[in-house]
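Quick note: numbers below take in every heavy atom, side chains included, and nothing from hydrogens, waters or symmetry partners.
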Amino acid sequence: GKQEISYYAPEVHVGSVIEISYTQTYTAFDALNDFFFQRKIPVNSCTYSVKFPNWLGNRRTVHGQTPLVFSSYSVDNKVIQTFKGVDIPSFRSEPMVYCPDQYISAVCFEIGNPSVVGADQAMCSDWSVVSTYYSISPITTLLHKNTTFRKELREILARNEDEATTLSSIISFVRSKVRWNRETGCDPLDFSFIGESFYGNSADINTLVGSMATEAGFTVTPVLLRYRTDGALREDCPSLAAFSTFILHVVGKDGLDVYLDAADPLGHFNVLSDNCLTVNAMEVFPNGSYSWVDLSSLANNVTTYSVLTTLSPDGKMEGRMYCQYYNVASYNFKEVFGSITEYDELVDILKGYISADATKVTFSELKDYSAKSGMTVDFTKTYDTSADIVTVKPFLVNLISDAAFRKDTRSLPIDFAYPE
């Protein structure tokens with residue numbers, strides 16, 4: 001239903017206190033929205049009550065820094081749980097926080113039957129129930145189903161290339177057959193729907209790549225994860241609905257061992273979007289067992305710059321900058337510059353990077369499926385030579401030092417342990 005309330009308050013001015021009360025009824029048991037006590041304006045007092053049948057399983061999570069008073073009682077075969085917060089400060093926007101809702105004072109309910117496993121029952125008694133469910137779901141079963149493109153796979157294998165090249169060829173082929181619709185998910189479609197003009201989500205593409213890789217002799221397992229923008233996954237709250245999407249863990253017979261999201265054109269082997277670099281992803285094995293995987297260990301990058309320049313007596317500087325980006329740095333570089341189509345826009349962005357006027361820009365591997373990329377920039381800049389001393393500004397400025405992240409000197413909020 002509609003999640004907004006509109007009201008007319010003509011006498012509101014600075015210092016006014018607004019009092020609002022409302023009741024919302026749900027007909028679907030799994031549709032209970034999170035309730036946030038804290039927003040952009042201070043709250044003097046807020047009371048939130050939830051009433052549901054006493055036979056309905058529920059699990060609540062309370063988070064945020066403001067302490068809430070909790071009470072619960074039963075009446076007429078219904079359970080009523082009440083939460084109250086007093087003098088709740090406003091929550092301002094914080095930089096570098098992926099999931100602000102994780103820090104706002106709120107109450108979140110999970111509704112379902114802890115003893116039942118099914119697509120419409122999110123709650124589970126423990127994570128082994130979750131892994132067992134996913135081990136027999138389309139994610140795992142389709143990964144080990146005979147691929148639709150057996151003829152094309154035989155052609156790829158006939159090249160007798162190394163494992164990394166073979167896996168790259170499989171990914172490139174699938175992308176030529178299935179165009180990513182920019183959506184993510186955990187539910188792949190049956191391969192019979194895939195054709196020349198098919199659009200699929202990340203689950204479809206990853207599953208098809210995984211099935212081809214399995215048939216090619218690789219060991220492929222799904223790794224379920226919760227995006228950082230969706231908040232931290234709590235290990236004490238097992239749930240079938242805990243995950244945002246899944247990626248692949250691919251192991252070869254000759255030493256290849258990589259994690260990849262085959263749908264993401266900016267990624268590569270062990271190069272994922274930083275939104276995927278969570279500390280507790282779940283790798284699910286065909287026998288129903290599982291293990292926790294720390295994907296944040298993949299957050300490594302290297303950036304190198306080299307500047308060659310000359311400064312003439314009239315104050316004119318000319319030169320060339322060589323830039324190389326690897327791993328996460330390459331992902332971010334492709335994300336920023338890969339979508340730029342207007343040269344003027346490119347020049348404006350570069351001017352902020354190098355404090356000079358770019359005259360020519362050449363990219364390398366910007367559109368390639370690789371873990372590196374780069375650019376070469378020819379530039380000019382004119383300095384004032386009327387004074388006795390010419391001051392040349394540095395081309396690269398360290399915007400954030402590591403002191404902003406260290407525990408004893410931290411000045412920026414950090415949502416997860418993140419080695420980058």
Problem set entry | Salt bridge flag under 4.0 Å for residues D236 and R234 |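 Result for this pair is yes, salt bridge flagged.
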Whether the [X] and [Y] side chains hold a donor-acceptor pair (N or O, under 3.5 Å, no angle test) is what I'd like checked.
{"X": "T376", "Y": "T362", "answer": "no"}
{"X": "T229", "Y": "N275", "answer": "yes"}
{"X": "S297", "Y": "D294", "answer": "no"}

Exercise. Do R154 and F149 meet the cation-pi criteria used here (NZ or CZ under 6.0 Å from the six-membered ring centre, within 45° of the axis)?
Worked result: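 The answer is no, since R154 fails at least one limit relative to F149.
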For this session: With R175 as the cation and F173 as the aromatic partner, state whether NZ or CZ is under 6.0 Å from the six-membered ring centre and within 45° of the axis.
Result: no
Problem set entry | Heavy atoms of other groups near I20 CD1, more than 12 under 6.0 Å | yes
Would you say the side chain of [Y] lies within less than 4.5 Å of the side chain of [X], judging by non-hydrogen atoms?
{"X": "L298", "Y": "V271", "value": "no"}
{"X": "V62", "Y": "L68", "value": "yes"}
{"X": "R320", "Y": "S306", "value": "no"}
{"X": "T309", "Y": "F379", "value": "yes"}
{"X": "Y103", "Y": "Q38", "value": "no"}

Exercise. Listed by chain and number, what are the salt bridge (Lys or Arg N to Asp or Glu O under 4.0 Å) partners of D357, not counting sequence neighbours?
Worked result: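 Once residues adjacent in sequence are excluded, the partners of D357 under the salt bridge (Lys or Arg N to Asp or Glu O under 4.0 Å) criterion are K351.
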[X] side, atom [atom1]; [Y] side, atom [atom2] - distance, nearest 0.5 Å:
{"X": "K78", "Y": "W55", "atom1": "NZ", "atom2": "CH2", "result": "10.5 Å"}
{"X": "E283", "Y": "L248", "atom1": "CD", "atom2": "CG", "result": "10.0 Å"}
{"X": "I139", "Y": "I136", "atom1": "CD1", "atom2": "CD1", "result": "12.0 Å"}

Exercise. Would a line drawn from the ring center of F37 to the ring center of F35 be shorter than 6.0 Å?
Worked result: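 Yes: the rings meet the under 6.0 Å criterion.
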Exercise. Looking at residues at least two apart in the chain, or sitting in another chain, which of them share a side-chain contact (heavy atoms from CB on, under 4.5 Å) with V302?
Worked result: T304, Y326
For this session: Evaluate side-chain contact (heavy atoms from CB on, under 4.5 Å) for D264 paired with S202, printing each intermediate quantity in order.
Result: CA-CA 8 Å; D264 189 347; S202 63; over 6 Å; no
